[in-house]
Protein chains: 4
Amino acid sequence: MIIAIQCTDQVGLVAKISGLLAAENYNIVAMQEHVDKTENLFFMRLEVNKDANADGLEQQLADLLPPDASIKINPNPEKNAIVLVTKEYHCLADILVRNHFKTLGANVQCVIGNHDTLGDICKRFDIPFYHVPYDVPAEPEKKVLEIIAGYEHDYIVLAKFMRVISPEFVNRFHNKIVNIHHSFLPAFAGANPYRQAYERGVKLIGATAHFVTDELDEGPIIAQQIIPANHSLTTADMIRAGKEIETAVLAKALRMVFDDRVFIYKNKTVVLE
Amino acid sequence: MIIAIQCTDQVGLVAKISGLLAAENYNIVAMQEHVDKTENLFFMRLEVNKDANADGLEQQLADLLPPDASIKINPNPEKNAIVLVTKEYHCLADILVRNHFKTLGANVQCVIGNHDTLGDICKRFDIPFYHVPYDVPAEPEKKVLEIIAGYEHDYIVLAKFMRVISPEFVNRFHNKIVNIHHSFLPAFAGANPYRQAYERGVKLIGATAHFVTDELDEGPIIAQQIIPANHSLTTADMIRAGKEIETAVLAKALRMVFDDRVFIYKNKTVVLE
Amino acid sequence: MIIAIQCTDQVGLVAKISGLLAAENYNIVAMQEHVDKTENLFFMRLEVNKDANADGLEQQLADLLPPDASIKINPNPEKNAIVLVTKEYHCLADILVRNHFKTLGANVQCVIGNHDTLGDICKRFDIPFYHVPYDVPAEPEKKVLEIIAGYEHDYIVLAKFMRVISPEFVNRFHNKIVNIHHSFLPAFAGANPYRQAYERGVKLIGATAHFVTDELDEGPIIAQQIIPANHSLTTADMIRAGKEIETAVLAKALRMVFDDRVFIYKNKTVVLE
Amino acid sequence: MIIAIQCTDQVGLVAKISGLLAAENYNIVAMQEHVDKTENLFFMRLEVNKDANADGLEQQLADLLPPDASIKINPNPEKNAIVLVTKEYHCLADILVRNHFKTLGANVQCVIGNHDTLGDICKRFDIPFYHVPYDVPAEPEKKVLEIIAGYEHDYIVLAKFMRVISPEFVNRFHNKIVNIHHSFLPAFAGANPYRQAYERGVKLIGATAHFVTDELDEGPIIAQQIIPANHSLTTADMIRAGKEIETAVLAKALRMVFDDRVFIYKNKTVVLE
């Protein structure tokens, strides 16, 4: 059982929480906490190995903690996810493989593509695929929402989904949409980051997984990684190399998110690995 | 004030410790803990910001904790260090610069070299240098011990000291001698690691900082790092590149050790960064 | 068209080769060369964009170059590969995905497993799978050889194939078998490298892709990579993290091998990226 | 002797150049070349081991190569450098140490600081230090120029020089000023990059060494590197960690520049390592 707590910091919080758990005979298998001293915020993730009445525990914790505390108790860490794609296969295929072998940490319910390119790979893994063309801006999103409504979903994953999402869509899934951006944000936000990187002559290229907010490519960062680049790489080489790093960064970010390790505040994240 | 605790794990240890500190009105500025479940061992490092009677606190903690608890309370995190060298300047110069600008985390008391090559750089930084030739195996170590005895010392740093150390010497400074080894241990232990690496055709080279034990290059590892290598590097190139990584790894290890972040058990370390 | 040359070094080799190509009106699209000065060996990889009579060119080059020259001219860079596996899916699934989307640089002809665990994923990608149990040591290899004989094959890929291969098998496919080893060789050769790494308390874990020779885990290294590790990782965590790095390193090595970028000599490689 | 060539690409350039060198009995010890196909530009760096009449060779090469060829022949690879600093010691101390032990690849002629903080460390290494306060914007630069004029200088190194440089100054030393910027450009250009990075919640921090052009932090990038960051780092921690990476990146960039490995075009670099 995973317990995730986020609240105003106070002297003695760890003592209170671990005292309560010890008194109730929970065995703490893993505990990570972080205090942001600038913001006076406390973050804690616990894994405990007695699966007692989680509702009762939540109330007990709420009685102990500051009134602003967010307490998430997750008896079943398995999440459900819906994946949006365009044409590029690398992130989706990685997600489908992990999903198939039960190592994704979430169940992929369906995949929605604005092209039908990736329908075949979904079919090979017995995952429903919906083709929703995005030629008209307003209508396709409505269609996407209808499809999503038909499935259990904790998170929406944009696995190289190359269409703009409306503020309404973002707000409906507040802090629930994970995107992979093909650059080391905040460098090269927006379109054609590899062309930008090539023209700027950078010596590293990277990828960034982040939650989606209203502002394009500006949401809380979950994971980032880079690989060396140099003059010998063409834009095409950078794109190819970038796909490897995008796949790895999105996989890492999803593992953290699905495992309840990511806390969000002030447009940034605490990731308690 | 830094508190470092190592003991058998028990349910409720964090609660007990943080409860005591809260009751005594210490403000916990930073706290990291680790439990080795295989060995059932608990490790904790705390920074608290009330510098009260440390002796009293140590007793209070001892009363709370299992009888095997090691409790180190460090009101003054400044350490004293003695550095042993041969001819290579890179690690020593880095240590002297950090020492000079008070960012090493320890005060270098003196430097002892089995060659006199590095006397000049020590003099430039007003650090005593002793030249102890190592042509005869038994005698020079006696001389080194006499010099060490004349200075305050918490740690001995082997900053590219290329002579064998006797078991007696090692045991006298148990878990207090930090060495930088010019390879990614356990690969290429022993002499000429870069030649070995070159001949093996490795694609990465690395460096390892570790505590010194009786067995050559087999002590608890504190820090390791690598850099990419390839066929274009000669042995000489690997040596040059290796010096950069050795300097960085030793600096990192010393920062961890001098900041009371390294716990030793079972020939390995817990480093609570 | 790719040209790969390996021979004794001489003054003027680059001039001779590029002079011939210029005279024959080949346009050199990419050229990398390396000279091992210790061994006095010359390595060159060229991409040229006129697909002329390769046989004629080979003779012309042979006339120019030292008599020991190995000249490989590859008008069709597409290779054929056969993959051997046991139970772990991560490397195989990555290979199958790349193969399916035509980005592997080779065509996977079939997969042979000593368990049947991975038959299903092969079937999903329409790749023939053969289950050859390895309970009896001598017979199964004969069966594997028969299967291999039925397909075009330039390379054999051991994608987490956890059975020992006989010297006869190795010699039959000299410098044609690529293995992924789950450690940073030469550290932790042999079985259970993650347990070894955990017990040694290393701060980095890695993976090594290499050609297979008679001596276990001692063949020429093609690619290596590492990721940071620390005390918080259990052996199981190391295995999980190791799978990510194994997948990435094998993919990198295969890309280099299939793209005729890897030259072998003296139990090591030159990789002209 | 090092030969650096930059010109329009043509079929047969490598053959012409290596043919000439072979005819003149130069032994090519190292050769790297690069062709930018988009711009149709050719770059080559050669190390040859006969130190013949370089002027004659330059003319011979000029006769062979396209009329726009830039040919640099460097019989003596030792450069002279002048270093500008403010208060931070880390990059300067590293440069002074390497200079002292003759591994910098250039001779530091003098150091100029807009504060006097770093005069002491220069004195310890017998390097002239000039204190030029920058309270008035126009005058100090004139003074700096006078000091520079009194020394041999191939390059000006801004080793954490925190003052704006005028366009006149930049143009006078076109492609001769190397700066270390404390971020992974183009992210976080301008002031307080670590504060920006902290507030953005990035998971990596980096440093960039680049040539200085008129536009702030927009000049050709020579080297970049990053280190992982996370929520546990305060702005102060990021600054400390950043200093390590700044030191390493500037050292790498200077090694490349002083070794005639860096070619500049279109606001970017080719670095022939």
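Since this is a predicted model, take the numbers as computed values, not measurements. Residue numbering restarts at 1 for every chain, and letters A, B, ... go by the order of the sequence lines.
Chain A forms more heavy-atom pairs under 4.5 Å with one residue of D/T234, D/T38, D/T269, D/L272 than with any other, namely D/T269. For chain A, the option among D/V35, D/I226, D/N230 with the highest count of heavy-atom pairs below 4.5 Å is D/I226.
D/H90 pairs by the ring-ring contact (aromatic ring centres under 6.0 Å, His included) definition with nothing, not counting sequence neighbours.
For D/Y265, no part sits under 4.5 Å from any heavy atom of chain A, backbone or side chain. In this structure, no portion of D/T235 lies under 4.5 Å from any heavy atom of chain A. Of the two parts of D/N267, the backbone and the side chain both hold a non-hydrogen atom closer than 4.5 Å to a non-hydrogen atom of chain A. For D/Q196, no part lies near chain A; criterion is any non-hydrogen pair under 4.5 Å.
Applying the salt bridge (Lys or Arg N to Asp or Glu O under 4.0 Å) rule to pairs touching residues 263-273 of chain A yields A/E39-A/K266, A/K252-A/E273, sequence neighbours excluded.
Residues D/F173 and D/F169 place their aromatic rings such that the two centres sit under 6.0 Å apart.
In this structure, D/Y194 and D/H182 have perpendicular ring planes: the angle between them is above 60°, well past the 30° mark.
Atom CG of D/D259 and atom CD of D/E47 lie 6.5 Å apart (nearest 0.5 Å).
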